[in-house]
Amino acid sequence: MPELPEVEVTRRSFVDAISGARVLMVQLGKTLRWPLGCEPAILADRVVTGVRRRGKYLLLDLDKGMLLLHLGMSGSLRFTPAPEPMGPHDHFDLLTSAGVLRLNDPRRFGAVVYAASPSEPVVQRLLGKLGMEPLSDDFHQDVFVTGLRASRAAVKQVLLNGRLVVGVGNIYASEALFLAGIRPTTMAARIGPERAKKLYEAIRQVLELAVQRGGSTLRNFSSADGSVGHFQSEAHVYGREGIPCRVCGTAVRMVRQGQRSSFFCPRCQRA
DNA sequence: CAGTGGGCCTGAGTGC
DNA sequence: TGCACTCAGGCCCACT
């Protein structure tokens, strides 16, 4: 479900509330993608010192160790003042002195993993191969352009795989490619420098706008304070197969790439 | 090494 | 109402 904007909006929605809070206890539901990796009891009395984001991971910093959270396809976090009984899709409750952080994830592709330190192998395994952060100063245009040039895969796949740039998922890949006028099926290496630069700018632009709009709420995404996103209502192509392009009126088309749907306007995205 | 395809899970929607 | 089927915002891993 959540791509970078949804994860970032979620982070912002509870970082101030939880920072400085002391962990009282942890409650687990069904196992997620991976086991927690520690005895829940050892987390008691640790202090949450901050919440960072890397790609689509949230990093919950503790005064000793950290928790890596991923929302998978269907996960969402909620931070509430008081504990409530866990429902069938609630899999992780972090009870703290400031409130309860709860992960709800029907499909359980998400994860919460403990790491005693940033140098733990698990951290390297999960975060080690991630590409540039598109909304940070770390996102270098020349590295992006060179990276595209080096790949023979379809540009949409390159955006999705996270090795060059992180956080761009199925919605925002289609949207960024629309803004740049590039078809999702175009081989990355065949995109010239000028168009690659345009795509670089489009990625920043679409992700920034999406964060401003509170992300996209397609099914039931909401951030940790319960608010929903509104970006989906201004998407140009995602989920709009057969609907006239907002720019030129041509019917938006859908293609399958690696078991995922891609959407594009055949007129605005000519190559 | 890069690239592709399968699989992990559950729920919603569709067509018969 | 029931069943079979497809699809869904992600990502790891085995394979070529």
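Every chain is numbered from 1, with letters handed out A, B, ... down the list of sequences. Because only heavy atoms are used, hydrogens play no part in the values below, and waters and symmetry mates are left out as well, while side chains stay in.
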Taking pairing as Watson-Crick or G-U wobble with both contacts under 3.5 Å, can you name the mate of B/dG15, or confirm there isn't one?
C/dC3
Decide yes or no on side chain to side chain contact (heavy atoms under 4.5 Å, CB included) for A/Leu32 and A/His91, but give the supporting numbers first.
CA-CA 7 Å; A/Leu32 295 158; A/His91 308 301; 3.6 Å; yes
Between A/Phe109 and A/Arg125, whichever has its closest DNA chain C nucleotide further toward 5' is A/Phe109
Identify whether any heavy atom of A/Tyr172 sits under 4.0 Å from a base atom; if not, whether one sits that close to sugar-phosphate; answer base, sugar-phosphate or nothing.
nothing
Mind telling me whether A/Phe139 and A/Phe144 have parallel, tilted or perpendicular rings, with 30° and 60° as the class edges?
perpendicular
Kindly confirm or rule out a cation-pi arrangement of A/Arg108 over A/Trp34, judged by NZ or CZ under 6.0 Å from the six-membered ring centre and within 45° of its axis?
no
If I take atom CG in residue A/Leu69 and atom C1' in nucleotide C/dC11, what distance separates them, rounded to the nearest angstrom?
16 Å
Across the strands shown, which category fits A/Arg33 at heavy-atom distances under 4.0 angstrom: base, sugar-phosphate, nothing?
base
Measuring only the C1' atom in each nucleotide, how far is C/dC12 from B/dG11? A whole number of Å is fine.
23 Å
Will you find, in the side chains of A/Ser223 and A/Arg11, an N or O donor that is under 3.5 Å from an N or O acceptor?
no
Starting at NE2 of A/His70 and ending at P of C/dG9, how long is that distance when rounded to a whole Å?
14 Å
Could you check A/Leu58 against A/Thr10 for side chain to side chain contact (heavy atoms under 4.5 Å, CB included), going step by step and ending with a plain yes or no?
CA-CA 9 Å; A/Leu58 284 176; A/Thr10 294; 4.2 Å; yes
A/Asn161 atom CG is separated from C/dC11 atom P, nearest whole Å, by 10 Å
Calculate the interatomic distance between A/Gln259 atom CD and B/dG7 atom P; express it in whole Å.
10 Å
Can a side chain N or O of A/Lys56 be found less than 4.0 Å away from OP1 or OP2 on C/dC11?
yes
Residue-phosphate contact under 4.0 Å: A/His89 side-chain N/O, B/dC9 OP1/OP2
no
To the nearest angstrom, how far is A/Asp105 atom CG from B/dC9 atom P?
12 Å
Using Watson-Crick or G-U wobble geometry with both distances under 3.5 Å, which nucleotide pairs with B/dC9?
none
Say we look at B/dG6 and C/dT6: how far apart would their P atoms be, to the nearest angstrom?
14 Å
Would you classify A/Tyr57 as touching base, sugar-phosphate or nothing, given that sugar-phosphate means primed atoms plus P, OP1 and OP2, and contacts are heavy atoms under 4.0 Å?
sugar-phosphate
Between C/dG9 and B/dG3, how far apart are the C1' atoms? Round to whole Å, please.
23 Å
Whole Å only: how far is the CG atom of A/Leu126 from the C1' atom of C/dC13?
13 Å
A/Arg256 has an atom CZ; how far is it from atom P of C/dA8, in whole Å?
5 Å
Looking only at side-chain N and O atoms, does A/Ser74 come under 4.0 Å of OP1 or OP2 in C/dG10?
no
So, is A/Arg107 near the phosphate of C/dC7, with a side-chain N or O under 4.0 Å from OP1 or OP2?
no
Please step through ring pair (Phe, Tyr, Trp, His ring centres under 6.0 Å) for the pair A/Phe178 and A/Tyr238, ending with a clear verdict.
CA-CA 10 Å; A/Phe178 173 83; A/Tyr238 183 83; over 10 Å; no
Rounded to whole angstroms, how far apart are CZ on A/Arg108 and C1' on C/dC11?
16 Å
Counting any heavy atom closer than 4.0 Å, what does A/Gly258 reach on the DNA or RNA strands: base, sugar-phosphate only, or nothing?
nothing
If you compare every side-chain N and O of A/Ser261 against the phosphate oxygens of C/dA8 (OP1, OP2), does one of them come in below 4.0 Å?
yes
